[in-house]
Amino acid sequence: MKTYILKIGGSSVTEKDANEREARADDIRGIAKEIKNAKKKAGFRLIVVHGAGPFGHKLVKDYGINDGVRGVRDIEGFVRTHNSMEDLNKVFMDVFREVGLLGFPIQPSACIVQDNRRITSFDTGIIDRLLEMSNDIIPILYGDMVIDESLGASVVSGDAIVPYLARKLKVDKVLMGTDVDGIFSADPKTNPDAKLIETIGPGNLSTVLEKVSEAVTVDVTQGMKGKIMKIAESLQGIEVLIFNIKKKGNTENALRDLKVKGTRIMLP
Ligand code: ATP
Ligand code: IP8
């Protein structure tokens, strides 16, 4: 049976544009229902990773802990940011349960260690075992604050967890849902003439990276640019689709291998 990873971007399920720590449960419910429908029609195993939006990025910025966690206030920031991510994760867990999906939370801070913001160890054994136990269990991870050998603690983005897991578990496809239709020649929110880039491969990767800006929203992990860099760094040989998860039907269709507008990335 095929295994997929679905990243649910923080921008699509929180008030990221307004930088308010608010979850949009109705939008999460819509996505969960589409996962349920897709699972009824097509057999696949699924891992979900959700982003942070202001539940993570705002706190990291306000506490000033993106460069390391040292003093008493930094430590408070580290713990509070993790607590805040658990608050957001709880909304996902409640909605998944209500819809009838078997979401199973996996706390990244309890299984990932970083060194200078890079994952150095990630115990994925439990995720493997959960997927082996039942095709219906959906492990759910999220961007988090984790122990860091050099910095005390650091942010691990969902965008870093996804490629790491995809490689280690040899998944068949990665779907990255966000609040725009894919990667454009410029930020589509501020440039109405921006053109969708339908495919990214070795031939156009560096030009695309030059064009994509960091997020205008509060995003300590470099927004769309960070996403592409992480994919380019470590997702060779796995098909990736960046698509608009806010558009009705897109999640179900992407999971069922039906055509969805977006950016396909395939790097050998
Ligand atoms: P999170 O990191 O909180 O999970 P996310 O993964 O949904 O959020 P972002 O990292 O915020 O998404 O990246 C999406 C945002 O990137 C879009 O809302 C868009 O405004 C911005 N962006 C900047 N440049 C581009 C571009 N060239 N193409 C597409 N989006 C872009
Ligand atoms: O939104 C960031 O995760 P992302 C996590 O997936 C924190 O980049 C704690 C800011």
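Computed from a predicted structure; not experimentally measured. Just so you know, ligand 1 is whichever comes first in the structure, and atom 1 is the first atom listed for that ligand.
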Shortest non-hydrogen contact between Ile231 and Met176, atoms and distance: CD1-SD, 3.8 Å

Short N or O distance, His50 and ligand 2, threshold 3.5 Å exclusive: no

Numbered atoms and elements of ligand 2 in range of Thr81, under 4.0 angstrom, heavy atoms: 9 (C)

Atoms of ligand 2 close to Gly51 [distance to a heavy atom under 4.0 angstrom, numbered from 1]: 1 (O), 6 (O)

Under-4.0 Å heavy-atom contact with ligand 1, by part of Lys225 that carries it: neither

Contact check: Ser185 vs ligand 1, nitrogen or oxygen atoms, below 3.5 angstrom: no

Pair Arg117 + Asp67: basic N to acidic O under 4.0 Å: yes

Single hit among Lys189, Lys246, Lys247 for salt bridge (charged side-chain N to carboxylate O under 4.0 Å, His left out) with Asp179: Lys189

Pair Arg24 + Glu15: basic N to acidic O under 4.0 Å: yes

Neighbour count above 12 (heavy atom, 6.0 Å) for Lys58 NZ: no

Short side-chain donor-acceptor distance under 3.5 Å, Ser150 and Asp115: yes

Val155 N/O to ligand 2 N/O under 3.5 Å: no

Ligand-residue contact atoms, ligand 1 with Lys7, heavy atoms, under 4.0 Å: 4 (O), 6 (O)

Proximal candidate to atom 5 (C) of ligand 2 [heavy atom criterion; set Gly143, Ser84, Gly10]: Gly143

Of the listed options Ser157, Gly56, Gly182, Pro188, closest to atom 31 (C) of ligand 1 (non-hydrogen atoms): Pro188

Within-cut-off N or O pair, Ser12 and ligand 1, under 3.5 Å: no

Sub-4.5 Å side-chain heavy-atom contact between Leu175 and Ile245: no

Contact atoms of ligand 2, heavy-atom distance to Asp144 under 4.0 Å: 5 (C), 9 (C)

For Ala52, atoms of ligand 1 separated by under 4.0 Å from a heavy atom: 3 (O), 4 (O)

Candidate with minimal heavy-atom separation from atom 16 (O) of ligand 1, of His57, Met176, Lys246, Met224: Met224

Sidechain N-carboxylate O distance under 4.0 Å for Asp87, Lys90: no

CA sep, side-chain torsions, deciding dist, call: Lys173, Lys2, side-chain contact (heavy atoms from CB on, under 4.5 Å): CA-CA 8 Å; Lys173 190 167 63 178; Lys2 290 193 170 169; over 6 Å; no

Ligand 2 contacted by Lys7 (non-hydrogen, < 4.0 Å): yes

Element-labelled atoms of ligand 2 that are located less than 4.0 Å from some non-hydrogen atom of Gly56: 7 (C), 9 (C), 10 (C)

Over 12 foreign heavy atoms within 6.0 Å of OH, Tyr4: yes

Closest candidate by heavy atom, reference atom 4 (O) of ligand 1, pool Gly53, Gly158, Pro54, Gly10: Gly10

Numbered atoms of ligand 1 (with element) below 4.0 Å of Lys227, judged on heavy atoms: 5 (P), 6 (O), 10 (O), 12 (O)

Side-chain heavy-atom pair Leu267, Pro202 within 4.5 angstrom cut-off: yes

Atoms in ligand 2 flagged as close to Gly158, the criterion being non-hydrogen separation under 4.0 Å: 3 (O), 4 (P), 6 (O)

Given Ile242, Ile8, Ile183, the one that forms side-chain contact (heavy atoms from CB on, under 4.5 Å) with Thr178: Ile242

Option with minimal heavy-atom separation from atom 19 (C) of ligand 1, where the choices are Asp159, Asp179, Asp187: Asp187

